Q: 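Input: one structure, supplied below.
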2 protein chains.
Amino acid sequence: MKTRDKILLSSLELFNDLGERNVTTNHIAAYLAISPGNLYYHFRNKSDIIYEIFQEYEKLVDFYLDIPEDRPMTLDDMTFYLESVFDGLWSYRFFHRDLEYLLDRDPRLRSDYREFTNRCLSAISRIFEKLADSGIIEPQPESLRGAMSLNVWLVITNWMAYLKTAHAAKASASLSLHELKQGIYQVLTLEIPYLTPAYREQVMSLREQYRPTMPNQEEKREAPVS
Amino acid sequence: MKTRDKILLSSLELFNDLGERNVTTNHIAAYLAISPGNLYYHFRNKSDIIYEIFQEYEKLVDFYLDIPEDRPMTLDDMTFYLESVFDGLWSYRFFHRDLEYLLDRDPRLRSDYREFTNRCLSAISRIFEKLADSGIIEPQPESLRGAMSLNVWLVITNWMAYLKTAHAAKASASLSLHELKQGIYQVLTLEIPYLTPAYREQVMSLREQYRPTMPNQEEKREAPVS
DNA sequence: GTATTATTAGAGTATATACTCTAGGGAGTC
DNA sequence: GACTCCCTAGAGTATATACTCTAATAATAC
C-alpha cells in the first residue's frame with residue numbers, strides 16, 4: 001500500500017481510538033515508523049488529513065443513503081439504512097467527537113459538513129415519506145416530517161457521545177459496534193406512535209432486537225441483524 | 001469580588017465564548033490582569049476550575065428539575081422546565097462542547113456527570129409521568145417512558161451542537177439564547193403524538209412560539225415565553 | 001508594633017506540537 | 001554515467017501551554 005494511503009488509514013485508526021485531539025502528526029509518523037518529514041511530504045498539514053478522511057466518510061454515507069425512487073420502500077430497506085448509518089458512524093467515530101473544534105479550524109470542512117447534514121436530513125425525510133407510501137407509517141404533513149427528521153438526526157449523531165459520557169463508568173471502557181447499534185432502538189422509539197396497525201408488531205419486534213442491555217451487564221453476542 | 005470567584009466567572013465566560021480547548025490558564029490570567037502565579041494560588045490546575053464550574057452547573061439544573069410531588073403538573077410547569085433547562089445549557093454551554101475530552105481528563109467529573117445524567121433522565125421521566133397524571137399526555141408504560149426520556153435528553157443536550165455545526169454558515173456566527181430555545185420546538189415535536197385531545201391545541205400553539213426561523217433570516221425579537 | 005497568614009507578581013521551565021529544511025536514496029531513462 | 005523524479009530520513013525550530021518558584025506585599029491577629 002502507498003505511504004499516502006497508509007497515513008490516511010492509520011490516522012483514522014488513531015483518531016478513532018484516541019480522539020483527534022490526542023493524536024499528533026508525530027504520533028502518526030511514529031506509529032507508521034516513518035519520519036515526520038515523510039508525512040508532511042504527503043500532506044501539507046493535519047487539517048488536510050482530516051479533510052480527506054471526512055470526504056471518504058461523506059462518500060460512504062451518501063452512497064448508503066441513496067434512496068431508490070423506482071420502487072416502494074420495505075422494512076428491510078429501513079433496517080438497511082439504519083444499520084448502514086450506524087456502521088458509518090462507527091468507522092469514522094472520531095469525527096463527531098471533536099466536530100465543533102474541527103469545523104472551527106477548517107472552513108472547507110465547515111461548509112462541506114453543513115451541506116452533508118442537509119443532505120442527510122433530506123434523505124431521512126424522504127425515507128419517512130416513502131415509509132408512509134408503503135403504509136408502514138402514517139403519512140405526516142411536511143413540516144412535521146422536517147422536525148421529526150431533525151430529531152432522528154440528533155439521536156443518531158449523538159448516541160455515541162451519550163454512550164461514552166453517561167453510560168460508561170470508566171474512561172477506557174471499550175465501546176463496541178454492538179452497543180452503538182442500540183441507537184437503532186432509540187430511533188425506532190421515535191417512530192412508534194406513527195406506525196400503522198398493519199406493521200406495528202413487526203417494527204416493534206425489530207426494535208426489540210436492539211434493546212440495550214444494562215450497562216456492565218453486557219453479554220457478548222452478535223449484532224442481531226446484519 | 002474575591003479573586004477566586006473572579007477566576008471562576010471569567011473562565012466560564014471565556015470557555016463559553018472560545019471553547020475550553022482554546023482558553024489557556026495564561027489567557028484567563030491575562031484577561032483578569034492577574035499573574036499566572038496568582039491563578040495557581042487559587043486553583044491547583046485547570047481541571048479544578050472546570051470541575052468547580054461543573055458543580056455550579058449541576059446545582060443549577062438540580063434546582064430547576066426539582067419536581068414538586070404535592071400537586072399536579074401544569075402546562076406552565078412544563079414550559080418552566082424547558083425554559084430553565086435551556087437557560088442552564090446556555091449559561092454553561094462550553095461544557096457540552098468538549099464533554100468527552102473533559103471527562104477523559106478528570107475521573108471525578110466523569111463519575112459526577114454520569115450520575116448527573118441519570119438524575120436528569122429520571123426527572124424527565126417523572127415529568128412525563130406527572131404530565132400523564134394531569135391528562136396532558138396519554139399515560140405510557142414505564143419502558144417506553146424511559147426510551148422517550150432518553151431521546152428528549154439527546155435532543156436537548158445536542159441541539160446547540162447542531163446549531164453550531166450544521167446551521168451556522170460562519171464559524172463566528174454568534175449564537176443567541178433565542179436560537180437555542182428553538183430546541184424547545186424540537187422537544188415538543190417529540191411529545192406531539194402523545195398529547196391528549198384536551199390539551200393538543202394548547203401545546204401545539206405553545207410549540208409554535210418556538211418555531212425556528214430560517215437560518216440567516218433571523219429577526220431580532222425577545223424569547224416568546226419567559 | 002510585631003508576628004503570622006493570605007495574597008499577588010512575574011520570571012522561568014519542562015514538555016509538547018505542528019511543521020520545516022536539507023540531504024540523500026532508489027528507480028527509471030537516455 | 002548522468003539526469004530526473006519521487007520519496008524518505010531525521011535533526012531542528014518557533015510557538016504554545018500548563019504549571020512552579022521565589023520574593024514581596026497586603027491583611028489580620030495578638
Side-chain angles (χ1 to χ4, degrees), chain A residues 1-54 94-95 97-98 100-110 171, chain B residues 1-54 94-95 97-98 100-110 171:
Chain A
M1 191 189 301
K2 293 211 166 182
T3 302
R4 190 188 155 80
D5 295 326
K6 279 199 257 178
I7 293 172
L8 287 174
L9 216 65
S10 298
S11 297
L12 176 57
E13 192 180 329
L14 291 172
F15 289 161
N16 278 341
D17 288 351
L18 307 171
E20 179 271 344
R21 192 173 180 170
N22 300 316
V23 176
T24 72
T25 48
N26 291 348
H27 283 148
I28 299 168
Y31 181 77
L32 279 166
I34 65 172
S35 64
N38 194 354
L39 186 147
Y40 278 92
Y41 170 78
H42 290 284
F43 293 93
R44 264 187 29 253
N45 51 44
K46 196 179 170 187
S47 267
D48 276 7
I49 299 178
I50 294 166
Y51 186 60
E52 205 142 317
I53 293 178
F54 167 70
F94 86 94
F95 190 68
R97 170 173 173 164
D98 285 309
E100 286 194 48
Y101 179 79
L102 296 176
L103 300 195
D104 277 352
R105 289 284 155 126
D106 190 342
R108 290 172 305 176
L109 199 58
R110 173 172 293 277
Chain B
M1 191 190 300
K2 294 211 164 180
T3 302
R4 191 188 155 79
D5 295 326
K6 279 199 258 179
I7 293 172
L8 287 173
L9 215 66
S10 298
S11 297
L12 176 56
E13 193 180 329
L14 291 172
F15 289 161
N16 277 340
D17 288 351
L18 306 172
E20 179 270 344
R21 191 173 180 170
N22 300 315
V23 177
T24 72
T25 49
N26 291 347
H27 283 149
I28 299 168
Y31 181 76
L32 280 167
I34 65 173
S35 63
N38 194 354
L39 187 146
Y40 278 92
Y41 169 76
H42 290 284
F43 293 92
R44 263 184 32 251
N45 52 43
K46 197 179 170 187
S47 265
D48 275 8
I49 299 178
I50 294 166
Y51 185 60
E52 207 143 317
I53 293 177
F54 167 70
F94 86 94
F95 189 69
R97 170 173 172 162
D98 286 309
E100 286 193 49
Y101 178 79
L102 296 176
L103 300 194
D104 278 352
R105 290 283 154 125
D106 189 341
R108 291 171 304 176
L109 200 57
R110 172 172 294 277

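Because the structure is a prediction, the values reported are computed rather than measured. Per chain, numbering begins at 1; letters A, B, ... match sequence-line order.
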Q: Any side-chain heavy-atom pair from A/I50 and A/D106 closer than 4.5 angstrom?
A: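 A side-chain contact is absent here, since even the closest heavy-atom pair is not under 4.5 Å.
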
Q: Classify the ring geometry of B/F94 against B/F15: parallel below 30°, tilted from 30° to 60°, perpendicular beyond 60°.
A: tilted

Q: Collect all protein-nucleotide pairs involving nucleotides 16-20 of chain D in which both atoms are nitrogen or oxygen and the distance is under 3.5 Å.
A:
residue	atom	partner	partner atom	Å
D/dA18	OP1	B/K46	NZ	3.1
D/dA18	OP2	B/T25	N	3.1
D/dC19	OP2	B/Y40	OH	3.2
D/dC19	OP2	B/K46	N	3.1
D/dC19	N4	B/N26	OD1	3.3

Q: Taking the side chain as C-beta and beyond, is there a heavy-atom pair between A/T25 and A/F43 under 4.5 Å?
A: no

Q: A/K6 has an atom NZ; how far is it from atom C1' of D/dC7, in whole Å?
A: 12 Å

Q: Between B/Y41 and C/dT7, does any side-chain N or O lie under 4.0 Å from OP1 or OP2?
A: yes

Q: Quick check: does any side chain N or O of A/N22 sit under 3.5 Å from a backbone N or O of A/L18, one acting as donor and the other as acceptor?
A: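 Yes; at least one donor-acceptor contact below 3.5 Å.
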
Q: How many Å lie between CG on A/D5 and C1' on D/dC7, as a whole number?
A: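 Answer to the nearest Å: 14 Å.
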
Q: When you check the phosphate oxygens OP1 and OP2 of D/dG10, does a side-chain N or O of A/S35 lie under 4.0 Å from one of them?
A: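 Answer no for this pair, as no side-chain N or O of A/S35 is under 4.0 Å from OP1 or OP2.
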
Q: Tell me: NE2 of A/H42 to C1' of D/dA9, nearest whole Å?
A: 12 Å

Q: Roughly, in whole Å, what's the span from CD1 in A/I34 to P in D/dC6?
A: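 Distance, rounded to whole Å: 18 Å.
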
Q: Can you check the A/L39 CG to D/dC7 C1' distance for me, whole Å?
A: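 Distance check: A/L39 CG to D/dC7 C1' gives 13 Å.
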
Q: Less than 4.5 Å apart, side chain to side chain, heavy atoms only: is that true for A/L12 and A/E52?
A: no

Q: OP1 or OP2 of C/dA9 versus the side-chain N and O atoms of B/N38: is any pair under 4.0 Å?
A: yes

Q: Assess the side chains of A/E20 and A/Y101: does a donor N or O sit below 3.5 Å from an acceptor N or O?
A: no

